[in-house]
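What's counted below: heavy atoms across the whole structure, side chains too, no hydrogens, waters or symmetry copies. Numbered from 1 within each chain, the chains take letters A, B, ... in sequence-line order.
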Amino acid sequence: MKSLGFGLGLRPDHYDAILSELPSVGFFEALTENYLVPGGKALDYLERVRAHYPIVLHGVSLSIGSTEPLNRDYLKLLKALSRRIHAPWISDHLCWTGTEGLNLHDLMPLPYTQEALEHLVPRIEEIQEFLGERILLENVSSYVGYRSSEMTEWEFLAELSARADCLLLLDVNNVYVNSVNHRFDPIAFLDGVPKNRVAQIHLAGHERQETFIIDTHDAPIADAVWALYQRAFLRFGAVSTMIERDANIPPLQELLEELALAQTSAAAIEAAA
Amino acid sequence: MRLRELQRSFQNRVLRHRHGIEAQLDGVDAEDLDSRLNAYVGGYRTRLIEALASTYPVLKATLGEDEFDREMRLYIDSTDSCHFSVRPYGADMAQRLLGHSSGVSQAAFAELAAWEWLLADVFDSPDDEALDVRELAALAPPLWPTLTFSLRASVRFFDSQTNAVECWRAANGLCEKPAALGQALPTRWLVWRRGITTLFRSLSSVEAALLDQVRDGASFGLMCEQMAGQVGETESPLRTATLLRGWLAEELIKDYTCAGSLHAVESQ
């Protein structure tokens, strides 16, 4: 998949600044559910930003891992929105968000089991067939692990993406968060993820608790995540990379400066290679 | 435990605080596992409170941070979210507040919630084009009594019995803050969206009755008859047309239809 360069999450706080300043970014990533509405301000701004930048869609409600049937109404709305804005790709999370008709509005972790793989693969295939394109699935951060897991997270991602022929959105912050929460080597994670499947990278901030880390997206990217990003860039090369900030959202300029750090870091690695 | 049962058990922990999932999870010790699970249990409530605060900002300011938080936690524990989006969550907040107890202030809080929900509904209602007044101006006079109109998708009506709307306006710097939430003269409000801007104003009883007729599909002729009861037959067509012109200028009207037979008359 062609790299769109370096991008930012599209947030309402920045709508006017984006349209007046037209910053030099490669793309914006819109939170799908915010735009699955009949009309109004959000869609109006989405169209206006799209006039200047490619916009990729990033959802939180696909619930690909749920044992509930797929939500066809959601998929129809998603497809229509994607067609409307000519989204270069659609991504969501490798998780479940609820069962029994309810929604926890959270990215709940899956066990890394053959049963989960058997459950996920046909669902991903069905979605990709419906949308007419491959989707990207993101590795989520988690605070608990299942005793029933039969493989590592990266082994699970590798097997899933191969069997379902889907792409991956590698969240480097989530790799780091999980490496602390579940005590594994984050480099082993990066080395275990197949190179040809990673089509986008996320960078974000987190919050450290006493014994674990919460993926809050409310702070600048931590040093340890920057270091891991350099390793990720070495392995996966110039794939589309963006910064996610969902709370404590700073002025646009501050995020652009943080994004410039990612660009500088990537350029330095490329120059040294 | 199979995947389906695992998810049910985890969901029960988050929503109902029911234990059981712990046996399926890795953890350093019970205390650590509990604090990790609380990231999900607490996170669920925090996210929904944030969503409700976004929908009901003036209700939050009026109740105060602590009372709002307490009310919303009670609401969350009694109301699951069933939609893929958090946006529709909290739709029945007004009824919930009203059901708590009787009294003027409770009715006003409920009305404030209903008002804010309505504004949110208008905010992302479907986009449609307003009818251009020039289209009507081109119609032959014999067609006018048969004209019916449709309102734009964003148009809503709101009946208030308290000063909740005034309190909302005050919170948004549009008027002086009333001394307290309480009863007020019954008022019908018209709310709609022009472009991406939400607008509202109060209606006189005459205009409110005519807009009801528009909404219900009454013809322009019937609207004039209703107006005649208020201002007399001579004044009625002009007064009705003046109101219609105002609605067109305010971009309230989406479309019109007229009788097919009269279309034929016009085309002859």
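For residues 97-105 of chain A, a heavy-atom distance under 4.5 Å to chain B picks out A:Gly98, A:Thr99, A:Glu100, A:Gly101, A:Leu102, A:Asn103, A:Leu104, A:His105, given by residue number. The interface of residues 68-84 of chain A with chain B, defined by heavy-atom distances below 4.5 Å, comprises A:Asn71, A:Tyr74, A:Leu77. For residues 117-134 of chain B, a heavy-atom distance under 4.5 Å to chain A picks out B:Phe123, B:Asp124, B:Ser125, B:Pro126, B:Asp127, given by residue number. Interface residues of residues 58-70 of chain B toward chain A, defined by a heavy-atom distance below 4.5 Å: none.
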Run A:Phe212 and B:Ser35 through side-chain contact (heavy atoms from CB on, under 4.5 Å) and show every step you take. CA-CA 9 Å; A:Phe212 64 105; B:Ser35 68; 3.8 Å; yes

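Taking CG of A:Asp106 as the reference point, atom OH of B:Tyr40 lies at 6.5 Å (rounded to 0.5 Å). Remark: B:Ile196 CD1 to A:Tyr45 OH distance equals 4.5 Å, nearest 0.5 Å. With values rounded to the nearest 0.5 angstrom, A:Tyr146 atom OH is found 6.0 Å from B:Ile21 atom CD1. A distance of 10.0 Å separates CD in A:Glu115 from CZ in B:Arg4, rounded to the nearest 0.5 Å.
Summarising the local packing, CZ of B:Arg2 is surrounded by 12 or fewer heavy atoms from other residues, nucleotides or ligands at distances under 6.0 Å.
A:Asn181 touches chain B through backbone and side chain together, each having a heavy atom under 4.5 Å away. If you measure heavy-atom distances from A:Ser66 to chain B, the contacts under 4.5 Å come from both the backbone and the side chain. Contact of A:Leu110 with chain B is made through the side chain alone, with heavy-atom distances under 4.5 Å. Both the backbone and the side chain of B:Val86 come within contact range of chain A, each with at least one heavy atom under 4.5 Å from a heavy atom of that chain. With a 4.5 angstrom heavy-atom cutoff, B:Ala51 does not touch chain A via any of its atoms. Neither the backbone nor the side chain of A:Thr32 comes within contact range of chain B, judged by heavy atoms closer than 4.5 Å.
With hydrogens and angles ignored, the 3.5 Å screen pairs no side-chain donor or acceptor of A:Gln209 with any backbone N or O of B:Arg36.
Among A:Lys41, A:Glu210, A:His119, the residue with the largest count of heavy-atom pairs under 4.5 Å with chain B is A:Lys41. Most heavy-atom pairs under 4.5 Å with chain A, from the set B:Leu3, B:Thr197, B:Thr198: that is B:Leu3. Contact tally against chain A (heavy-atom pairs below 4.5 Å) for B:Gln11, B:Met1, B:Arg193: the top residue is B:Gln11.
Between A:Leu36 and B:Ser85, every side-chain heavy-atom pair lies at or beyond the 4.5 Å cut-off.
Aromatic ring pairs are classed by plane angle as parallel below 30°, tilted from 30° to 60° and perpendicular above 60°; the pair A:Trp96 and B:Phe10 is perpendicular.
Residue B:Asp26 comes nearest to A:Arg147 through the heavy atom pair OD1-CG, 3.3 Å, listed as atom of the first residue, atom of the second, then distance.
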